[in-house]
Enquirer: 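Here it is: the structure, laid out below.
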Amino acid sequence: MPIKLQQIDPCRWRIPREGKMRVEGLVFADRAMMEVLQKEQALEQVRNVATLPGIVGRSIAMPDIHWGYGFPIGGVAAFDPENGGVVSPGGVGYDINCGVRLLRSELESEEIRPHLRELADALFRNVPSGVGSHRRDLSLAPRETRKVLEQGAAWAVKNGFGSAQDLDHIEERGTIAGADPEVISERALERGRNQLGTLGSGNHFLEVQRVDEVLDSEAANALGLFEDQVTVSIHTGSRGLGYQVCDDHLKMMLRAAAKYGIELPDRQLCCAPLESPEGRQYLAAMAGAANFAFANRQLITHWVRETFEQVLQAGPSQLRMGLIYDVCHNIAKWETHQVEGRARRLCVHRKGATRAFPPGHAETPALYREVGQPVLIPGDMGRCSYVLVGTEDAFNETFGSTCHGAGRVLSRHAAKKMARGRDIPADLAAQGILIRAAGRATMAEEISEAYKDVSEVVEVVRRAGIGRIVARLVPMAVVKG
């Protein structure tokens, strides 16, 4: 059935409710983006999500939308348990709590430029990357692995990997409540045992950046950002453990959907009622994988700080590499939102989307409460990334959500085909960017042409009022899987 679209304004499009849709769809995109989207399947996925039991508000897609497993990547949907609302692994994704964190420093770019090559080499050496990457210096016993699953970043801090202050600047303070290691399979535990503190492969990265431009001085001051400052972004998730948790529960959710009589427009949207044993079990396992991801990024942060200290021969007090924030991209979380004039406890699915809570919200860290929660939007390795803050409009219209990145436009196969014959490191070096990667295949998959221009995506967010731009960051050195 063709997708019907109604343009609301230059940045919003409605998919009217029809057929078995329980709510309408809302897509954030400009006209050029929509012309491309209409040729793809992602809009159909927005419509399919709108048919799920207990969905409230709208089935929402961000401007970085592209096709995903079940839900589109860039999709947001909230479900009310009082109305039979469901949880769907397809609304979280395989890489549970794939997310990004941003570190600031007191350094300016010219201070590290003479050391940049050595710094890139050391970061590549000290933070394992690539398919199946693991650490030889950190292998956890089963009992410790279970503590990681329960405590997340707090486990890392307790064991000397960072400070308690870091926890104040992580979504949910780095621990999703309700994790139960007992519902996580031995296979998942085995896959994750040696992978804490590793980047993995694909679009995950570690990037040394400089602040190219401050666009909102008030918010930048609150976040501790200034022009030409050196920052570090870390983008990774729950590695093989999270993938296995998703895979394990998809089978269970297919059986649950049939058991509870849930009609699925797509098997990849398999789900279970939030209050059912199957729904609770998935949420408990997902929380454990999300906590593993928080701990993973916390450990990488520790080794990044150590690497800067070693290469630059400077102490923590000189570098002052503080954590600005850490946000989830793939998660389902209990939050309170206003629906039809009433505060309701909802399970908000964000798949390839970022929480963007406004100024004054109790869950926005105290240091940022006057400007809003930091929102981190990475771009591709050859262009730029952005720092935003959340807004009241986002909280009211999108359950406090905005985009999570640029969004792919080419498959990995198509990107590799386009990159044939190109010297990717040389192309990046011509732009002043060093790259270290586990292999050429990853670099080819991640060429800039494989993604939308993140500046165009963020401009839609700004114009729609679901994010306020603070600063633009450009890469200096990139470590890829």
Side-chain angles (χ1 to χ4, degrees), residues 99-130 133-139 153 156-157 159-163 165-166 169-170 174 194-201 204-211 224-225 228-237 239 293-326 376 378 381 385 425 428-429 432-438 442-443 473-481:
V100 64
R101 64 168 48 194
L102 179 65
L103 305 174
R104 60 175 171 250
S105 75
E106 289 299 305
L107 300 165
E108 295 186 0
S109 65
E110 291 308 309
E111 295 179 75
I112 70 162
R113 207 169 289 281
H115 310 281
L116 195 58
R117 190 169 298 276
E118 184 184 358
L119 195 56
D121 290 340
L123 288 169
F124 185 61
R125 184 171 60 248
N126 293 342
V127 182
S129 58
S133 54
H134 62 279
R135 299 200 71 92
R136 294 184 175 88
D137 57 349
L138 184 71
S139 180
V157 169
N159 284 274
F161 300 101
S163 69
Q165 189 178 20
D166 289 339
H169 300 121
I170 305 175
N194 298 321
Q195 290 191 330
L196 270 184
T198 67
L199 276 180
S201 60
H204 295 157
F205 64 80
L206 192 166
E207 193 168 286
V208 180
Q209 306 155 318
R210 65 177 178 86
V211 178
L225 291 170
D228 204 41
Q229 179 183 21
V230 173
T231 61
V232 179
S233 283
I234 299 164
H235 178 213
T236 188
R239 304 287 281 109
F294 280 134
N296 188 27
R297 293 196 289 273
Q298 186 64 35
L299 265 65
I300 292 173
T301 296
H302 171 77
W303 283 304
V304 166
R305 286 166 169 161
E306 276 197 344
T307 300
F308 268 74
E309 290 167 17
Q310 292 163 3
V311 170
L312 300 178
Q313 294 292 294
S317 60
Q318 294 169 276
L319 299 176
R320 295 182 64 186
M321 297 193 73
L323 176 57
I324 292 180
Y325 206 58
D326 179 308
L376 311 174
M381 63 187 183
S385 299
L428 291 171
I433 304 167
L434 294 178
I435 184 165
R436 301 290 182 268
T442 296
M443 290 189 286
L473 316 175
V474 295
M476 299 178 70
V478 182
V479 174
K480 297 288 292 187

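Computed over heavy atoms, backbone and side chain alike; hydrogens, waters and symmetry mates excluded. The structure displayed is predicted, hence computed values, not measured ones.
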Enquirer: Can a side-chain donor-acceptor contact be found between Gln209 and Thr231 if the only test is distance below 3.5 angstrom?
Expert: yes
Enquirer: Looking at Arg113, I want to see if its CZ is surrounded by more than 12 non-hydrogen atoms of other residues, nucleotides or ligands under 6.0 Å.
Expert: yes
Enquirer: What closest approach, in Å, do Val100 and Pro378 show between heavy atoms, and which atom pair accounts for it?
Expert: CG1-CD, 4.4 Å
Enquirer: Any sub-3.5 Å donor-acceptor pair from Asp228's side-chain atoms to Glu108's backbone N or O?
Expert: no
Enquirer: Nearest 0.5 Å please: distance from the OG atom of Ser105 over to the CG atom of Leu319.
Expert: 7.0 Å
Enquirer: Please lay out, stage by stage, how Gln310 and Asn126 fare under the test side chain to side chain contact (heavy atoms under 4.5 Å, CB included).
Expert: CA-CA 11 Å; Gln310 292 163 3; Asn126 293 342; 4.0 Å; yes
Enquirer: Quick one, Val232 and Leu123 - any side-chain contact, counting heavy atoms below 4.5 Å?
Expert: no
Enquirer: Compare all side-chain heavy atoms of Met381 with those of Pro475 and state whether any distance is below 4.5 angstrom.
Expert: no
Enquirer: Measure the spacing between OG1 of Thr236 and CG of Leu206 and express it to the nearest 0.5 Å.
Expert: 9.5 Å
Enquirer: Say you draw a straight line from OG1 of Thr307 to CZ of Arg125; how long is it, rounded to the nearest 0.5 Å?
Expert: 8.0 Å
Enquirer: Between Gln229 and Arg104, does the side chain to side chain contact (heavy atoms under 4.5 Å, CB included) criterion hold? Intermediate values first, please.
Expert: CA-CA 8 Å; Gln229 179 183 21; Arg104 60 175 171 250; 3.5 Å; yes
Enquirer: Under 3.5 Å, side chain of Asn296 to main-chain N/O of Gly197, donor-acceptor pair present?
Expert: yes
Enquirer: Any idea which heavy atoms bring Pro114 and Glu111 closest together, and the distance?
Expert: CD-O, 4.0 Å
Enquirer: A side-chain contact here means heavy atoms from C-beta on lying under 4.5 Å apart; do Arg210 and Val474 qualify?
Expert: yes
Enquirer: Can you see which heavy atom on Ala293 is nearest to which on Gly237, and at what distance?
Expert: CB-C, 3.5 Å
Enquirer: If I take atom CD from residue Gln195 and atom CG from residue Leu299, how far apart are they, to the nearest 0.5 angstrom?
Expert: 13.0 Å
Enquirer: Ignoring hydrogens, what is the shortest heavy-atom contact between Thr198 and Asn194? Give both atom names and the distance.
Expert: CG2-O, 4.4 Å
Enquirer: State which residues pass ring pair (Phe, Tyr, Trp, His ring centres under 6.0 Å) with His235; sequence neighbours excluded, sorted by chain then number.
Expert: His204, Phe205, His329
Enquirer: Mind checking whether Ile112 and Val208 have side chains closer than 4.5 Å, heavy atoms only?
Expert: yes
Enquirer: Which atoms form the tightest heavy-atom contact between Ala120 and Ala477, and what is the distance?
Expert: CB-CB, 4.1 Å
Enquirer: Could you state the interatomic distance from OG1 (Thr301) to CG (Leu103), rounded to the nearest 0.5 Å?
Expert: 5.0 Å
Enquirer: Could you measure the distance from the CZ atom of Phe294 to the CG atom of Asp326? Nearest 0.5 Å is fine.
Expert: 5.5 Å
Enquirer: Run the numbers on Arg101 and Asp166 for salt bridge (charged side-chain N to carboxylate O under 4.0 Å, His left out), then give the verdict.
Expert: CA-CA 11 Å; Arg101 64 168 48 194; Asp166 289 339; 5.4 Å; no
Enquirer: Mark yes or no for whether Arg305, through its side chain, and Pro316, through its backbone, hold a donor-acceptor pair below 3.5 Å.
Expert: no
Enquirer: Between the side chains of Gln298 and His302, is a donor N or O closer than 3.5 angstrom to an acceptor N or O?
Expert: no
Enquirer: Decide yes or no for Met476 and Leu116: does some side-chain heavy atom of the first lie under 4.5 Å from some side-chain heavy atom of the second?
Expert: yes
Enquirer: Which heavy atom in Ser385 sits nearest to a heavy atom in Glu207, and how many Å separate them?
Expert: OG-OE2, 4.1 Å
